[in-house]
2 protein chains.
Amino acid sequence: MPRLIDHDHRRAELAEAVWRIIARDGLEAVSVRHVAAEAGVSAGSLRHVLPTKADLLTAAMELVVERAAARFRARADRPVPDRAAVLALLTELLPLDEERSLELRTHLALVLGSPGHPELVRLRATLDDALRQGCRAALDLAAAAGLLRPDLDLDLEALRLAVVVDGLALHLLGPGADLEPTAAEAVLDGHLAALGP
Amino acid sequence: MPRLIDHDHRRAELAEAVWRIIARDGLEAVSVRHVAAEAGVSAGSLRHVLPTKADLLTAAMELVVERAAARFRARADRPVPDRAAVLALLTELLPLDEERSLELRTHLALVLGSPGHPELVRLRATLDDALRQGCRAALDLAAAAGLLRPDLDLDLEALRLAVVVDGLALHLLGPGADLEPTAAEAVLDGHLAALGP
DNA sequence: ACGATGGTAGTACGGCCGTGTCACAACCGT
DNA sequence: ACGGTTGTGACACGGCCGTACTACCATCGT
């Protein structure tokens with residue numbers, strides 16, 4: 001078989017296989033064999049790329065961070081002048097499609113499901129920090145567009161916004177989710193309105 | 001050994017053992033043997049009370065729902081006249097001590113960690129519903145005390161408040177938590193203030 | 001063209017898992 | 001006092017786990 005494969009690409013495929021298993025069968029179903037089967041490779045082959053299970057979980061989490069960062073970067077680079085665009089930027093942070101739902105489920109399942117894994121804890125902190133900074137950036141844009149009352153404590157409001165976004169995300173995740181996407185958008189819209197003059 | 005033991009009491013002990021294992025070692029470490037050891041009984045003995053692992057997880061989740069409901073009932077029964085009391089009622093919903101942290105970790109780990117378990121999905125819906133009703137009740141009390149603008153959509157605000165509470169709870173949960181309890185209370189206080197006239 | 005290189009797949013091993021079974025010990029009603 | 005009931009603990013079983021090892025093979029550099 002081919003002498004050289006793209007390791008990064010293979011790692012991403014395996015990480016996405018982990019995502020799907022976590023979303024479909026839960027964290028407990030994540031085993032080397034299941035992931036290999038889900039990704040369509042043999043278990044022995046998987047071990048050449050990710051030698052241990054901990055590496056597997058770390059790779060899954062790293063890809064979450066990477067994808068989320070890339071998505072936000074793509075959004076934030078564009079000039080964002082009006083209210084609808086700010087709302088769209090925030091909506092981007094919600095798990096409203098399959099990929100983002102998979103990512104968030106993975107993120108939460110790993111963070112809550114395996115404490116004592118230092119790498120995962122570090123990556124969680126990275127992600128939380130990015131969320132807060134993203135909310136802060138969105139607020140700065142909104143402020144520049146004159147959408148915000150001038151007397152707001154932007155640091156506190158960024159934190160509050162991040163909390164709202166994460167809370168919405170949590171309630172959007174099925175199964176057993178109790179929130180419709182439209183309701184989530186309504187909450188976000190109402191929150192932004194409450195920050196206005 | 002004694003012919004009659006209190007089954008409910010034993011179930012609660014075992015459920016709390018599950019909580020501790022989830023918080024300390026993660027969901028993957030929850031096995032019949034580990035739980036039995038944590039609770040100080042033999043595995044065979046455990047099986048007389050909770051025959052299968054699914055029963056074990058269900059019992060753990062049921063105790064979460066039960067304790068949370070009892071705690072809220074104890075708070076809500078008291079007359080709640082002023083702003084500080086409303087804030088205290090909401091703070092009650094946050095994982096600011098060991099027991100509530102254990103409960104929330106269990107709740108989230110189970111909901112996110114084992115999809116396809118119908119009983120857990122049902123219990124999650126129960127809990128989410130209770131949270132929303134609790135927030136609605138708190139808002140009603142605040143409104144009766146004249147702490148709210150009269151033009152608010154209380155249903156939407158209850159949802160937003162529930163989202164804030166859950167978001168705060170999520171960020172308060174260690175390890176890797178990025179939120180201090182005082183910051184969480186500040187967010188809650190700011191949120192309540194933003195609802196005022 | 002042909003070894004060297006590096007990915008692949010199959011197998012093996014020790015360990016823990018969930019669950020079933022069963023003999024035994026402690027308490028109850030009679 | 002004693003037989004029945006009920007909780008207990010120990011073991012057995014089949015299965016899946018993570019990991020290690022080792023032939024095999026397609027490609028690449030020479």
Side-chain angles (χ1 to χ4, degrees), chain A residues 1-18 20-22 24-61 106 109-110 113-120, chain B residues 1-18 20-22 24-61 106 109-110 113-120:
Chain A
M1 309 224 166
R3 187 189 159 195
L4 276 161
I5 63 160
D6 185 339
H7 273 221
D8 288 341
H9 183 247
R10 173 58 61 89
R11 282 168 64 95
E13 282 179 344
L14 293 170
E16 288 185 359
V18 173
R20 290 193 297 272
I21 292 178
I22 285 180
R24 193 201 320 129
D25 307 315
L27 182 58
E28 305 191 77
V30 175
S31 75
V32 173
R33 286 164 176 79
H34 282 166
V35 173
E38 176 77 27
V41 302
S42 79
S45 180
L46 180 152
R47 273 192 99 260
H48 277 259
V49 185
L50 283 324
T52 73
K53 186 180 180 179
D55 294 331
L56 203 56
L57 298 180
T58 303
M61 186 72 170
T106 301
L110 288 181
S114 54
H117 185 147
E119 197 70 13
L120 292 182
Chain B
M1 305 226 171
R3 185 189 163 195
L4 275 161
I5 64 158
D6 185 339
H7 274 220
D8 288 341
H9 183 246
R10 173 59 61 90
R11 283 169 64 95
E13 282 179 344
L14 293 170
E16 288 186 358
V18 173
R20 290 193 296 272
I21 291 177
I22 286 181
R24 191 199 323 127
D25 307 317
L27 182 58
E28 306 191 75
V30 175
S31 75
V32 173
R33 286 164 176 80
H34 282 164
V35 173
E38 176 76 29
V41 301
S42 79
S45 179
L46 179 151
R47 266 176 61 63
H48 276 256
V49 185
L50 283 325
T52 72
K53 186 180 179 177
D55 295 330
L56 203 56
L57 298 181
T58 303
M61 186 73 169
T106 301
L110 288 181
S114 55
H117 186 148
E119 198 69 14
L120 292 183

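In what follows, chains carry the letters A, B, and so on, assigned in the order in which the sequence lines appear, proteins first and then strands, with residues in each chain numbered from 1. Here the structure is a predicted model, which means the values were calculated and not measured.
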So, OP1 or OP2 of [N]: does either fall under 4.0 Å of a side-chain N or O from [X]?
| X | N | value |
| --- | --- | --- |
| A/Arg10 | C/dG6 | no |
| A/His7 | C/dG7 | yes |
| B/Arg47 | C/dG20 | yes |
| A/Ser31 | D/dC17 | yes |

What's the [atom1]-[atom2] distance between [X] and [N], to the nearest Å?
| X | N | atom1 | atom2 | answer |
| --- | --- | --- | --- | --- |
| B/Glu13 | D/dT8 | CD | P | 11 Å |
| A/His48 | C/dG7 | NE2 | P | 8 Å |
| B/Leu57 | C/dT19 | CG | P | 10 Å |
| B/Leu46 | C/dC17 | CG | C1' | 14 Å |
| B/Ile21 | C/dC17 | CD1 | P | 10 Å |
| A/Glu28 | C/dC16 | CD | P | 18 Å |
| A/Leu27 | D/dC17 | CG | C1' | 14 Å |
| B/Arg33 | C/dG20 | CZ | C1' | 12 Å |

For B/Ala60 and B/Ala15, the nearest pair of non-hydrogen atoms, with its separation, is CA-CB, 3.7 Å
Once rounded to the nearest 0.5 Å, what's the spacing between atom CD of A/Glu28 and atom NE2 of A/His34? 12.0 Å
Mind checking whether B/Val41 and B/Arg10 have side chains closer than 4.5 Å, heavy atoms only? yes
Given A/Thr58, which partner from the list A/His117, A/Glu119, A/Lys53 fulfils the side-chain hydrogen bond (donor to acceptor under 3.5 Å, both in side chains) test? A/His117
Among the nucleotides D/dT19, C/dG18, D/dG9, whichever has the atom closest to the side chain of B/Lys53 is C/dG18
Using a heavy-atom cut-off of under 4.0 Å over every strand shown, decide if B/Val30 touches base, sugar-phosphate, or nothing. sugar-phosphate
Show the numbers, then the answer: is there a side chain to side chain contact (heavy atoms under 4.5 Å, CB included) between B/Leu46 and B/Leu56? CA-CA 9 Å; B/Leu46 179 151; B/Leu56 203 56; 4.3 Å; yes
